[in-house]
Amino acid sequence: MEITDLTPAERRVRDAFPLGEGVDFREGEDEDAASGAAWGPERTLRAEVLRELLLDGPVREGRIAGLKVWGARITGRLDLQYGTVAHPVRLRSCHFEEAPDLYGARVVALVLSDSVLPGLTAGNLRADGVVRITCCRITGPVRLQGARLSGAFFANGARLGTPGEVPEEAVLQLNHAEVATDVWAPELVAHGKVHMNGAVVRNQVNLNDAELNAPGATALHAEVLTVGTDLHAMRLRVRGRVNLGGARIPRQLNLAQARLSHPGGQALRASSSVVGELWLREAEPIEGAVNLRRAQLDLLHVPPEVWPRQVQTDGLGYRVLTPHLPAAQRLPLLEREPDGYLPHPYEQLAAAYRTVGDDGAARTVQLAKLRRHRRTLPPYARLWGFLQDAAVGYGFRPMRAAGWLLLLLCTGTLAFALHHPPALKPSEAPAFNPLFYTLDLLLPIIDFGQEGAFAPRGWYQWLAYLLVAAGWVLATTIAAGVTRSLNRQ
């Protein structure tokens, strides 16, 4: 293409390029680029002209060349595939007829803020500065898989995809991308899937107030995502699944005031992830299942009313559970495991209560664990469990044992005081004492010489049998409780 082929609009851009100056074709700062298809030749630029400028444009000594344009209609495809662009590219509020192709390209910076595009292909892009699609409206896929960005990626306020549609291809693709600072996308609206599988973000990901719409599909697919600090997603609205399986987020995964909805499927999957703090404070009740299996957390802040009816927690580890609530308000969560009774979630909850010094709540959880386990046992074992529970609460309610012992002691003492059992050898028998005789029956490891010297008859004999059996039950359950207490120490 000869330089004489340039239109007046293109000459303006050509003349401003070596000086790094901007060319503004807009009629007003609030002009909408969505109407760009109707813009005339006075503000139309051919993509091949921009390509020649970026790859082999004039430069002036002492000035920093760069492409800086507002409000242009760009016809044709801006093809910079595998090219090296030594100048910043800033095409703001522009209307692109075709999706730019920067696959494998290297650029200083790429800024497309407020523009309208049918898509963007920039897989394996290398950017020495920022890549910015702030407030862009992009109907086709934004392909940045494998990109290496030395600056941040900005997608705040961007509108991706077409409302009401969930295309097969993800509308935003950051798979295996590396971003040296932040992924900054508050108020992003995506009608379709967002992929960040295997991405590495050295600082933080910000999805505050974002809206991800992919009903029936995975709205945010971010398996094995690695974040340097936080993933902020306050007031996030998601229709579809959020998949953070295997993610590494050392500080906060903040979903406060979020709304997650995927009825009939998993709304949140964070299995095998490692997260500093998971926050769902003031979030709306989750619609859909939650999978936190094998996740490792330092702090878990989830009010009980946020959890859905199905929560997978086997192998979930956490140190602190907030807000601090009575065990009775936390235990229903453990009944929502789809695989039925699993011991680990109970042990983990008890450990969390012991961490904050609430041993009473920890004992309540341990008791609930044994009662839940009892339902899985055969009938004879359930009967024995009922006896231990009624007697001393499986050893976690020792004062109940004292009460039973006192009641049985009073009953036996009164009964045998009214009717002395006959002595087996009257000449050798000690004086009968109903109190110590009852203690002999109740306590199997104590012998006051009364039980072997006297033999009750009739229903008193059955009373003696009852006292002996009750004594064994109370003694074994108390011993089990003491053993568990010493093991916890």
Side-chain angles (χ1 to χ4, degrees), residues 326-328 331 341 343 346 350 358-489:
L331 284 170
Y341 167 73
Y346 288 89
D358 193 344
D359 290 332
R363 288 193 294 271
T364 298
V365 174
Q366 293 281 15
L367 179 57
K369 171 194 169 186
L370 292 170
R371 288 171 174 169
R372 179 70 179 83
H373 176 59
R374 187 172 67 208
R375 285 185 269 170
T376 67
L377 300 176
Y380 67 89
R382 287 201 298 270
L383 177 60
W384 176 245
F386 275 119
L387 290 174
Q388 292 190 79
D389 193 1
V392 288
Y394 287 100
F396 292 103
R397 297 290 184 263
M399 293 307 296
R400 187 182 298 176
W404 280 109
L405 283 172
L406 181 61
L407 176 61
L408 293 173
L409 181 62
C410 292
T411 301
T413 300
L414 179 61
F416 293 119
L418 295 175
H419 189 281
H420 291 193
L424 292 174
K425 297 180 179 180
S427 61
E428 301 177 6
F432 179 75
N433 186 308
L435 173 62
F436 286 98
Y437 180 73
T438 305
L439 284 173
D440 254 354
L441 295 173
L442 281 173
L443 303 178
I445 61 173
I446 296 178
D447 185 6
F448 291 106
Q450 295 280 315
E451 181 183 2
F454 299 92
R457 296 172 182 171
W459 75 270
Y460 291 98
Q461 186 177 19
W462 290 105
L463 175 60
Y465 293 158
L466 174 64
L467 292 174
V468 171
W472 275 104
V473 171
L474 291 171
T476 55
T477 52
I478 289 174
V482 170
T483 301
R484 276 191 291 267
S485 179
L486 292 175
N487 287 338
R488 289 195 299 270
Q489 298 298 326

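Computed from a predicted model, the values in this text were never measured in an experiment.
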Minimum heavy-atom separation for Gly412 and Leu467, please, with both atom names. CA-CD1, 4.2 Å

Only pairs under 3.5 Å count here: list side-chain donor-acceptor contacts from residues 452-460, not counting sequence neighbours, and write none if there are none.
none

Could you report the tightest heavy-atom contact between Ala368 and Leu331, atom names first, then the distance? CB-CD1, 3.7 Å

What's the separation between atom OG1 in Thr413 and atom CG in Leu439, rounded to the nearest 0.5 Å? 6.5 Å

In terms of ring plane angle, is the pair Tyr341 and His373 parallel, tilted or perpendicular, where the classes change at 30° and 60°? tilted

Can you give me the closest heavy-atom contact between Tyr346 and Val365, atom names plus distance? O-CG1, 3.3 Å

First locate atom NE2 of His420, then atom CG of Asn433, and finally report the distance between them rounded to the nearest 0.5 Å. 9.0 Å

Side-chain touch Leu435/Leu409, heavy atoms, less than 4.5 angstrom: yes

Thr376 side chain vs Arg372 backbone, donor-acceptor pair below 3.5 Å: no

